*Asks:* 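Input: one structure, supplied below.
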Amino acid sequence: MVWFAARNASVLGRLRGAELPFFILLLLIKLALFDHAIHVRNMRMGPDDVIVAAGTLGLLSFWTLWLSQRARILALIILHLLLTCILYADLIYFRYFQDLISIPVLMQAGQIGALGESIGSLLQARDIWLFADWPLLITLGIWLLLGRQSSRGILVQTPQPLLHKALLRVSLSLIVFALSLALVFVPIQIAKRTWAQGLFVGIWWNVSLYNVTGLFGFHGYDAYQYVKQELSKSELPENQLAETSQWLKEHRLRTAASMDDALFGAYKEHNVIMVQAEAIQSFMIGRTYNGQTITPFLNELTQASAYFPDFYHQTAQGRTSDADFAAQCSMQPLPTGSVFIRYAQQDYSCLPGVLRDNGFSTSVYHAYDGGFWNRNVMYHTMGYDTYYNRNDFLVDEPLGWSVGDRSFFRQSVQKMTAQRQPFYSFLITLSSHHPYSLPASYKTLDLGALNGTMFGDYLQSVHYVDQAFRSFTDELKTAGLWENSIVVFYGDHDNSIRDWSPFETFLGHSLSELQRERIQRQVPLLIHLPDGSLAGTYPGGGQLDLAPTLLHLLGIRTEETFMLGAPLLTAQPLPERTVVFRNGAFATADRYFIPAGDGVVEHGTCYSLPDGKTIDATACGEAAVQARAQLTHSDRIITHNLFPRLRER
Ligand code: GP9
Ligand code: MN
């Protein structure tokens, strides 16, 4: 033993200074193993990522250079064990949630708890490689701890005076710190200016951040964001709270439907099945091109449903997640980023939570990675009992990002039949996602000049979704759910195709600026009521109106909910509605307003509808001020989490 200690001590003595690079190298290998194990599409650890990762490890460990060699080795061993544990926890979490552990996740006990039953299936034999070095490192650590006397002489054998030694250590650590900082920030800055523009502003997925910052960089950034948000959580001053509370009261008076309305509670305790369809716009509903009907089933269903041809999406940078938030919570999305990511832990009153409080079982279905758009966290906050994500679907029809919508719908109905009734089921489709590339066998339309273009592929995808939706309704009928459910179908946002010439080819005429603006904003909305009643065409409406519409039909009061929209189906018509867009634009039945870049109302463009003529901006002035107020107060309520304080008032 003495021989072993002395021999090893002398080896360590000779390796003086090599322990830090060795620590970094070992962890780089583990990070590469981690990257390989999570295997994210289109993301592989490249040379840039290795540089950033080495830099982060340098930042995590530079301070050990202040210590004596013995203490330093011990500190590095402990750090190494700790980082391996974090890395492994992330790996297990990723296998289940397709996401990385963030601080909000740690705060939601239920999230990690969900792993409980499946933990066995998440552990894999090859993970042993992550721990292969542990026996050696732990033995070395124990030996260093126990072998104090024998090792001290060899390891800390330095003739220099104390001050000189301290100066040397501090300077060396500063050099390592500065170098590590450069290794982290230079590649990230380059990425931010080139291919990852806007990444830190509009984060849509922790994994995309990881792709640039590396694993420990991600955790560092996540902790920084969390602390920053906590520190900036100033209480909104009482006078501003009173102002928002007052605005909310007046807004409700303007928009609330009467509880005495004949449709209030007309469909009490019916199931609600709501489908948010990826990138489905309104312009091709009811249209044919080259003798082909794009959406035969939706066209048919418009006849049997309450159909809103002028319905608008109200999304911003958060895209699908904004549509989801607007529809479920009836609040405005944020000007930058997504509410799902930035404020996933506020005390919202959204449709699923309200329905759950009223005895409904609530579930959400989306066959993609659970962590995308931070859904794991947000769906818990919103009040869903169950979130069925990609893990819960069999990919028996591989298509695009995941399983095809047809199979997604079929498997969702199977799950739905097991739900306790009344239930609320929210389904988010995916097959018609940009860039709309489908296998040849799925392209069943002959679109002439548009064949092979992205716009043509978009129409093919929409046609596929239309057919998938038909089979969904057939399956609902077979399962006996069609007759006792309100079925809602709406589009989440536009198709991101910015070249207008194929739109004009398809529609057969050129498009004015206003027509383009409206085409880009209009998504279809169909509400099918169990008995097919209220079928017909209705004006206006936006995504913020969806939750209030359903609550009205189900006979659930909305005063406590902070919902900013208004019911679309009422027996007594409501006063005129303004659909407010995130950039301050708005639409009413007879006006459409596009604000100027400088935000001055008079500099904006006011159109009259339906003729589309430009009129004096003052004709839109009052509604433009109201629109801005809605955005300001919605932001205030979300960012300051005013829900509990407003409820108390
Ligand atoms: C992925 C899907 C797409 O889960 O919701 O989101 P998008 O890119 O449309 O915002
Ligand atoms: Mn989308």
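Whatever order the structure lists ligands and atoms in, that order sets their numbers, starting from 1. Small disclaimer: the values here were computed from a predicted structure and weren't measured.
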*Asks:* Can you list, by chain and residue number, the protein N, O or S atoms under 2.8 Å from the Mn ion (ligand 2)?
*Replies:* Glu278 OE1, Glu278 OE2, Thr320 OG1, Asp492 OD2, His493 NE2

*Asks:* Taking only Lys NZ, Arg NE, NH1 and NH2, and the carboxylate oxygens of Asp or Glu, determine whether Arg95 and Asp99 approach each other closer than 4.0 Å.
*Replies:* no

*Asks:* Which residue, Trp500, Tyr289, Phe506, forms the ring-ring contact (aromatic ring centres under 6.0 Å, His included) with Phe283?
*Replies:* Phe506

*Asks:* Salt bridge or not between Asp457 and Lys443? Use side-chain N to carboxylate O under 4.0 Å.
*Replies:* yes

*Asks:* Hey, what polar pairs (N/O, under 3.5 Å) does ligand 1 make with protein?
*Replies:*
{"from": "ligand 1", "atom 1": "4 (O)", "to": "His366", "atom 2": "NE2", "distance (Å)": "2.6"}
{"from": "ligand 1", "atom 1": "4 (O)", "to": "Arg375", "atom 2": "NH1", "distance (Å)": "2.7"}
{"from": "ligand 1", "atom 1": "5 (O)", "to": "Arg375", "atom 2": "NH2", "distance (Å)": "2.8"}
{"from": "ligand 1", "atom 1": "6 (O)", "to": "Thr320", "atom 2": "OG1", "distance (Å)": "2.9"}
{"from": "ligand 1", "atom 1": "6 (O)", "to": "Trp373", "atom 2": "NE1", "distance (Å)": "3.3"}
{"from": "ligand 1", "atom 1": "8 (O)", "to": "His433", "atom 2": "NE2", "distance (Å)": "2.8"}
{"from": "ligand 1", "atom 1": "9 (O)", "to": "Glu278", "atom 2": "OE1", "distance (Å)": "3.3"}
{"from": "ligand 1", "atom 1": "9 (O)", "to": "Glu278", "atom 2": "OE2", "distance (Å)": "3.1"}
{"from": "ligand 1", "atom 1": "9 (O)", "to": "Thr320", "atom 2": "OG1", "distance (Å)": "2.5"}
{"from": "ligand 1", "atom 1": "9 (O)", "to": "His433", "atom 2": "NE2", "distance (Å)": "3.3"}
{"from": "ligand 1", "atom 1": "9 (O)", "to": "His493", "atom 2": "NE2", "distance (Å)": "3.2"}
{"from": "ligand 1", "atom 1": "10 (O)", "to": "Thr320", "atom 2": "N", "distance (Å)": "3.1"}
{"from": "ligand 1", "atom 1": "10 (O)", "to": "Thr320", "atom 2": "OG1", "distance (Å)": "2.9"}
{"from": "ligand 1", "atom 1": "10 (O)", "to": "Trp373", "atom 2": "NE1", "distance (Å)": "3.1"}

*Asks:* Please say which of Asn206, Asn376, Asn391, Asn389 ends up in a side chain to side chain donor-acceptor pair (under 3.5 Å) with Gln98.
*Replies:* Asn391

*Asks:* Taking only Lys NZ, Arg NE, NH1 and NH2, and the carboxylate oxygens of Asp or Glu, determine whether Arg582 and Asp635 approach each other closer than 4.0 Å.
*Replies:* yes

*Asks:* Among Phe340, Phe325, Phe562, Tyr343, exactly one meets ring-ring contact (aromatic ring centres under 6.0 Å, His included) together with Tyr348. Which residue is that?
*Replies:* Phe325

*Asks:* Taking 4.0 angstrom as the limit, do Asp545 and Arg577 come out as a salt bridge?
*Replies:* yes

*Asks:* Fit a plane to each ring of Phe216 and His219, take the angle between them on a 0 to 90° scale, and name the class: parallel (under 30°), tilted (30 to 60°) or perpendicular (over 60°).
*Replies:* tilted

*Asks:* Under 6.0 Å between the ring centres of Phe360 and Phe423?
*Replies:* no

